[in-house]
Amino acid sequence: MKRYQVAAIFENIADLLELSGAEPFRAGAYRRGARAVENLTEDLEKVTREGRLEEISGIGKALAQKIKEILTTGTCHFYEELRGKVPPGLTDLLEVPGVGARTARVIYERLGITNLADLKKAAEEHRLRDLPGIGAKKEGYFLEGINLLAGRGGRIPLGFALPLAQELAGRLRRLPGVERAEVAGSVRRHQETVGDIDLVAGTVDPRGLMEAFTTLPQVKEVLARDETTASLTVGPGWRVNLWAVPPQYFIQTWHHLTGSKEHNDRLQGLASGMGLKINEYGIFREEDWAQGENVPGPKPGQHSLRGTGEPRGSPEAGGPSALGTSAVGAGSELDTGEGSAMPWVGEGQASPAASRREASFVITSEKELYQHLGLPYIPPELREDRGEIEAAREGSLPVLVEEGDLRGDLHVHSTWSDGLGSIPEMAQAARRRGYEYLAITDHSKSLGIARGLNEEQLRQQMREIDRLNRSWEGFTILKGMEVDILGDSRLDIADDLLQELDLVIASIHTGFRQPAEQINRRLEGALKNPHVDIIAHPTGRLLARREGYSVDVDRLLELAARTGTALEINASPDRLDLCDQNARRAREYGIKLAIDTDSHSQAGLEDMKYGVAVARRGWLEKKDVLNTLELGDLKRWLNT
DNA sequence: GCCGTTTTCGGCCCGACTGTTTTCAGTCG
Ligand SMILES: Nc1nc2c(ncn2[C@H]2C[C@H](O)[C@@H](COP(=O)(O)OP(=O)(O)OP(=O)(O)O)O2)c(=O)[nH]1
Ligand SMILES: [Mg+2]
Ligand SMILES: [Zn+2]
């Protein structure tokens, strides 16, 4: 857990360095260092003890020394010194759209402003417009931005974003002229929460596409729109961006906009080491690129709707680009006409400089793109610069688990406790999904609010399940329970009864405020109990609603590995617990993971995809996942 | 500050747009 503290300090140092006008690459080194520490799968303190810090890519002598210092003292001198020189409040100003380090610095140096409230006041009093590099327009944007910040929602949970994005992409796909429409950005990478929804379409009729997109029934507000990009909000203010590109650019642009930024960054670095250049328009040999520079053509930056003095965010005009990467080939005289092969490119049309070059290779799939860089295909879930490039180069990328590999669900509730579906109903839903087995794991008695089962009720339920299992073939209900881990680390149900169950899940539902020490003791009790097979939602976090209880994850993993206990990836979209990074750590410990929906209804079984998303982002292969086993093997595993 | 199938020094991802510039820096995706 210390690693987040170190990462936060490094991130902060990077901001403060930029604000102080330091060499940008030096600040960048701290940012890289922050990410390296955050993405470390090993226990940071262990790596430090063993003197292996400098083996981490991005950590050199200076950062290693600072990590040691932070681990022992909680901070470091350099950081404290920097905070003395640069008011730490200045980092808040960076939140304002259009305000970067440079601008924040000028504002501070000239006006002494160090917080958002003062910035707002200064903007209202028109004291910003006289500063160098700032005029009346920027001042207006800043003010607008500050006001927007207040009402800004947090990130969107994937459980909302993914279905919405797929629905929107599906609608776009059906429009005339659209050859492809796909989800990009963090949604495609299946991040647990996303900042916005990014969509890309390859079309011969961008204008028609934009018109249709901005008038979809879900649209709440159109924030910005020009001929090739649009940004709007749906639902409670969730932002959706669409880029339209000519069909021949689709793959490159889709890949570029899938990111992550860090992954793109690394790929581009890799390319330049190979004498190649890669951008959203194609892959270029350096020679070809240099040649292209001489290609005569219209000057870039002539979008007809740009710079018309429209207010920012006007639905009619773009204003300052709502989407930084501008769509390709927009011109003032768009020929949207009847299906010509290259409808976007024509004489006398303005197009950005880079897009006027002809790519050295024709790319028809992302796989080919990676091939040109000497790499195997890297699935979107891995594109985070968390070691996937190195693994790809070594040929050691994991073969990621897929939803189709799963043979059952091991954590499901029924009407016997707080579920909405009866046992037969849940079983039927599981069969419809093609599962071989389903574990019914209702709550235990101490969880009165969920109508937890006592010993007698559990025995009854077990008899009912036996009856049902005798009534069909090719499908098995496993007798299980989600046993509550009590405050004193005992389990809610006695061992002799647990022994009779096929499967025992243990989890914590109370005492969330207890200190880590106590939580870990409780988990330890469960892990050491020979009847406990799986720890459910091991950190207790609720996405965007509740921090987990404080638990020492490294200790938990160590003990789970030692006791041969599986850990859950709870697929319920508001849990996703373990998270991707912890799942990956668990895998490195050799721990088996169970991807479970924790369904309280038949529909809940469909949440499995979110659990699989977490598993894939955690680099899990089929063999790492308990419920990919066929029934016989699963039973053997449960009995050992 | 970090790093090396191009390097131990000199790079560090890339492109587009905007305002305010007098020819480009800052910001963003
Ligand atoms: N090469 C490059 N690509 C970028 C950069 N910033 C963003 N992109 C690309 C990759 C991103 O996935 C994509 C969309 O940008 P977003 O800001 O929406 O990021 P993303 O969707 O990854 O995360 P989010 O959840 O929206 O915050 O654009 C950059 O600095 N360089
Ligand atoms: Mg995004
Ligand atoms: Zn449950």
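Lettering of chains follows the sequences in order, A, B, ..., and the numbering in each one begins at 1.
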Paired nucleotide for B:dT8 [Watson-Crick or G-U wobble; both distances under 3.5 Å]
none
List for me each residue that meets salt bridge (charged side-chain N to carboxylate O under 4.0 Å, His left out) alongside A:D43, sequence neighbours excluded, and say none if there are none.
none
Partner set under side chain to side chain contact (heavy atoms under 4.5 Å, CB included) for A:L148, not counting sequence neighbours:
none
Sequence-distant partners of A:E182, salt bridge (charged side-chain N to carboxylate O under 4.0 Å, His left out), two or more places apart:
A:R173, A:R180
Applying salt bridge (charged side-chain N to carboxylate O under 4.0 Å, His left out), name anything that partners A:E368, two or more places apart in sequence or on another chain.
none
Sequence neighbours excluded, the answer for side chain to side chain contact (heavy atoms under 4.5 Å, CB included) partners of A:E55 is A:R52
Taken in chain and number order and not counting sequence neighbours, the residues that satisfy side chain to side chain contact (heavy atoms under 4.5 Å, CB included) with A:P132 are A:V106, A:R110
Contacts to DNA chain B from residues 113-121 of chain A, heavy-atom cutoff under 4.0 Å, which residues?
none
Could you work out, with side chain to side chain contact (heavy atoms under 4.5 Å, CB included) as the rule, every residue matching A:Y108, not counting sequence neighbours?
A:P87, A:L90, A:T114
Provide a list of protein-nucleic acid N or O atom pairs under 3.5 angstrom, restricted to nucleotides 21-25 of chain B.
none

For A:F160, the ring-ring contact (aromatic ring centres under 6.0 Å, His included) test, sequence neighbours excluded, returns A:W238
Within the sub-3.5 Å range, which N or O atoms of nucleotides 3-7 of chain B have a protein N or O partner, and how far apart are they?
{"from": "B:dC3", "atom 1": "OP1", "to": "A:G58", "atom 2": "N", "distance (Å)": "2.5"}
{"from": "B:dT6", "atom 1": "OP1", "to": "A:G273", "atom 2": "O", "distance (Å)": "2.8"}
{"from": "B:dT6", "atom 1": "OP2", "to": "A:G273", "atom 2": "O", "distance (Å)": "3.4"}

With A:Y377, which residues qualify under ring-ring contact (aromatic ring centres under 6.0 Å, His included), at least two apart?
none
